[in-house]
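Working notes, beginning with the structure itself.
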There are 2 protein chains.
Amino acid sequence: MDLFGGRVSESCLVERLGHYLRLTSREAAAFASIEGPERVYRRGAMIRREHDRAQELYVVNSGWLLSFVLLDDGSRQILRLHLPGDMVGLSCAAFNEATESLVALTDVKLSPVEKASLNRLFVEHPRLGALLFLIAQAEKVSLSDRLASLGRTSAKARVAALILDTVARLRVMNAELRDSFAFPLTQEEIGDATGLTAVHVNRMMRALVEEGLIARQANQLTILNEDRLAEVANYINRYAALDTDWLPPPTT
Amino acid sequence: MDLFGGRVSESCLVERLGHYLRLTSREAAAFASIEGPERVYRRGAMIRREHDRAQELYVVNSGWLLSFVLLDDGSRQILRLHLPGDMVGLSCAAFNEATESLVALTDVKLSPVEKASLNRLFVEHPRLGALLFLIAQAEKVSLSDRLASLGRTSAKARVAALILDTVARLRVMNAELRDSFAFPLTQEEIGDATGLTAVHVNRMMRALVEEGLIARQANQLTILNEDRLAEVANYINRYAALDTDWLPPPTT
DNA sequence: CGTCCTCTTGACGGCTTTCAATAAAAGTGG
DNA sequence: CCACTTTTATTGAAAGCCGTCAAGAGGACG
């Protein structure tokens, strides 16, 4: 079995969205129809570079990837960890130029989606268009939470928040996942995600271990005391309750 | 004249969106029809509190407001400054509970929009639904830029970026605005937006003044050297070029 | 089996915060 | 319009969190 998740149903995206909303078969087919042929990337591969011309987005079928921006001084800010079922590179819907780089953190499989083909979705399936809008709002809230994390919490809290957010998102697609999971980020990558240096990430990870909140073996992470970790992190799990009640009815 | 912008056309939202896309009269009417009667708030008024039940969003007709979250230790992270023409509280499209507090920074006028009424927009005007989605993606990019600012740049750069982002957004609705504008944030609010303390904001503002990049008089800010300020800030102006070409045609 | 990457640890330095005190400005009520 | 209070801006000194630099160990990979 693939450690980092993989396609189970006809489309990974349909499976993910099925957790938020009961899709009709026509809707599922509509989503599936806009996905192009799957592409495979090896760990470390650059999928898209900031400032590249970008006319397509991607659905993550398996594996993890990172989106990031580079600053003038060479430092890197990781914007988000992308897991199976995620859509990545959505910003091409607003800009012709890629606003972020995408790199494969593990071996990944992606399905490309032409941004031009999104318009069919909005025209033929208004409910799906509204769902995409709803998901975009949820992603904005997630970014806002990270903004508060970087702006107003300590180094230890930021690392703890990254761990908790990752496990919460993994559980959306894998309900059986409890406290232990593969976590393939280097400490430098954790630092680039949390606005810290690799050295200080190391110290904070060891502190969390010494306090009995987490355990590490190789790239495997185990959460030992999730409640206390959430307190340390100031973490709010938002993935539980999306409100889809206001969406229009599916097209018949 | 209102210093902080105000309604000029029939709807402030329609005017704003008209800068991105040429709306048909039916589309403009559709937007206008979902707006409820205008509400007025005094400076400092709390419009919505985090965790309140939230079923409506707002269009800013005039004035400025802030969205923010409070952390357990009482510290505050300002998520965004909201200017005339902005939609605020959109996260209610994804959550029934408000994810952020909204407070009036100046006297403001808002038009409420029931989130349930958005569904008509998606059904009857797919292009408008797609436009809302597009704007949400642009807002995600803006949040990502701020994430990089807080995570990877110095205090001085963060303050400079806030100033530049504000003036760039003001210019969207007010093309004549050049270098001087009213900036009603206290140094504490600037700090809460940039993840700094008020004391350090003060030092950074003075440094920017001493370096001849900005000037201050009362709440009026003047940018003296925008290019150098942008270098200091590591700032990218994204508000210039949104790609609306992929949107479906307007409904006839 | 050598090279490169990653993790780890210590010492030191700096950016930012904290604490404190004062001045200036704004708001309030008589 | 003037006292009075509260908020905001300013400045200095000291402390602390995190970054930088450096060096060594362990592991992955070819």
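Just so it is clear: chains get the letters A, B, ... in the order the sequence lines come, proteins before strands, and each one is counted from 1. We use all heavy atoms of the structure for the numbers below, so side chains are in, but hydrogens, waters and symmetry mates are not.
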| task | Among C/dT17, D/dT20, C/dT8, find the nucleotide with the atom closest to the side chain of A/Arg206. | result | C/dT8
| message | Go nucleotide by nucleotide along DNA chain C from the 5' end; which of B/Val201 and B/Arg43 gets its closest nucleotide reached first? | response | B/Val201
| query | So, is B/Asn202 close to the D/dT10 phosphate, meaning a side-chain N or O under 4.0 Å from OP1 or OP2? | reply | yes
| note | Rounded to whole Å, CG of A/Asn219 lies from C1' of C/dT6 at a distance of 10 Å
| In whole angstroms, how far is the P atom of D/dG16 from the NZ atom of A/Lys156? | 16 Å
| query | Can you check whether B/Ala193's main-chain N or O pairs, donor with acceptor, with B/Gln77's side chain at less than 3.5 Å? | reply | yes
| Nearest-Å distance for atom pair CZ/P, residues B/Arg203 and D/dA13 | 11 Å
| Listed nucleotide nearest any side-chain atom of B/Leu196, set D/dC18, C/dT16, D/dT11 | C/dT16
| request: Output yes when a side-chain donor or acceptor of A/Glu211 lies under 3.5 Å from a complementary backbone atom of A/Leu208, and no otherwise. | output: no
| field | Distance in angstrom units between A/Asp73 CG and C/dC15 P, rounded | value | 14 Å
| said: Treating A/Arg169 as the side-chain partner and A/Leu81 as the backbone partner, does any N or O pair qualify as donor plus acceptor under 3.5 Å? | reply: yes
| query | Please give, in whole Å, the distance from C/dT6 P to A/Asp192 CG? | reply | 11 Å
| remark: Closest to the side chain of B/Val199, out of D/dC18, C/dC19, C/dT8, is C/dC19
| said: Check this for me: A/Arg216, atom CZ, are more than 12 non-hydrogen atoms of other residues, nucleotides or ligands nearer than 6.0 Å? | reply: yes
| task | Check whether more than 12 heavy atoms from other residues, nucleotides or ligands sit under 6.0 Å from atom CD of A/Glu56, and answer yes or no. | result | yes
| query | So what does B/Arg216 touch, heavy atoms closer than 4.0 Å: a base, only the sugar-phosphate, or nothing? | reply | sugar-phosphate
| query | When only distance counts, do a donor and an acceptor, one from the side chain of A/Arg152 and one from the base of C/dT17, lie under 3.5 Å apart? | reply | no
| message | Given C/dT18, D/dT10, D/dA9, identify the nucleotide with an atom nearest to the side chain of B/Thr186. | response | D/dA9
| In terms of side-chain heavy atoms of A/His200, which of D/dA9, D/dG19, C/dG27 is nearest? | D/dG19
| Nearest listed nucleotide, side chain of A/Gln187, among C/dT16, C/dT8, D/dT20 | C/dT8
| task | Would you indicate what A/Gly191 reaches in the nucleic acid, counting non-hydrogen atoms under 4.0 angstrom: base, sugar-phosphate, or nothing? | result | nothing
| field | Side chain B/Ser144, main chain B/Lys140, donor-acceptor under 3.5 Å | value | yes
| Base, sugar-phosphate, or nothing: which does A/Gly44 touch, judged by heavy atoms less than 4.0 Å apart? | nothing
| How long is the line joining CG of A/Leu150 and P of C/dT16, in whole Å? | 15 Å
| query | Could you give the CD-to-P distance, from A/Gln220 to C/dC7, as a whole number of Å? | reply | 15 Å
| query | Relative to the 5' end of DNA chain C, which residue comes earlier, A/Glu188 or B/Ser154, by the nucleotide with the nearest heavy atom? | reply | A/Glu188
| Protein-nucleotide distance (B/Met204, atom CE; D/dA9, atom C1'), rounded to Å | 15 Å
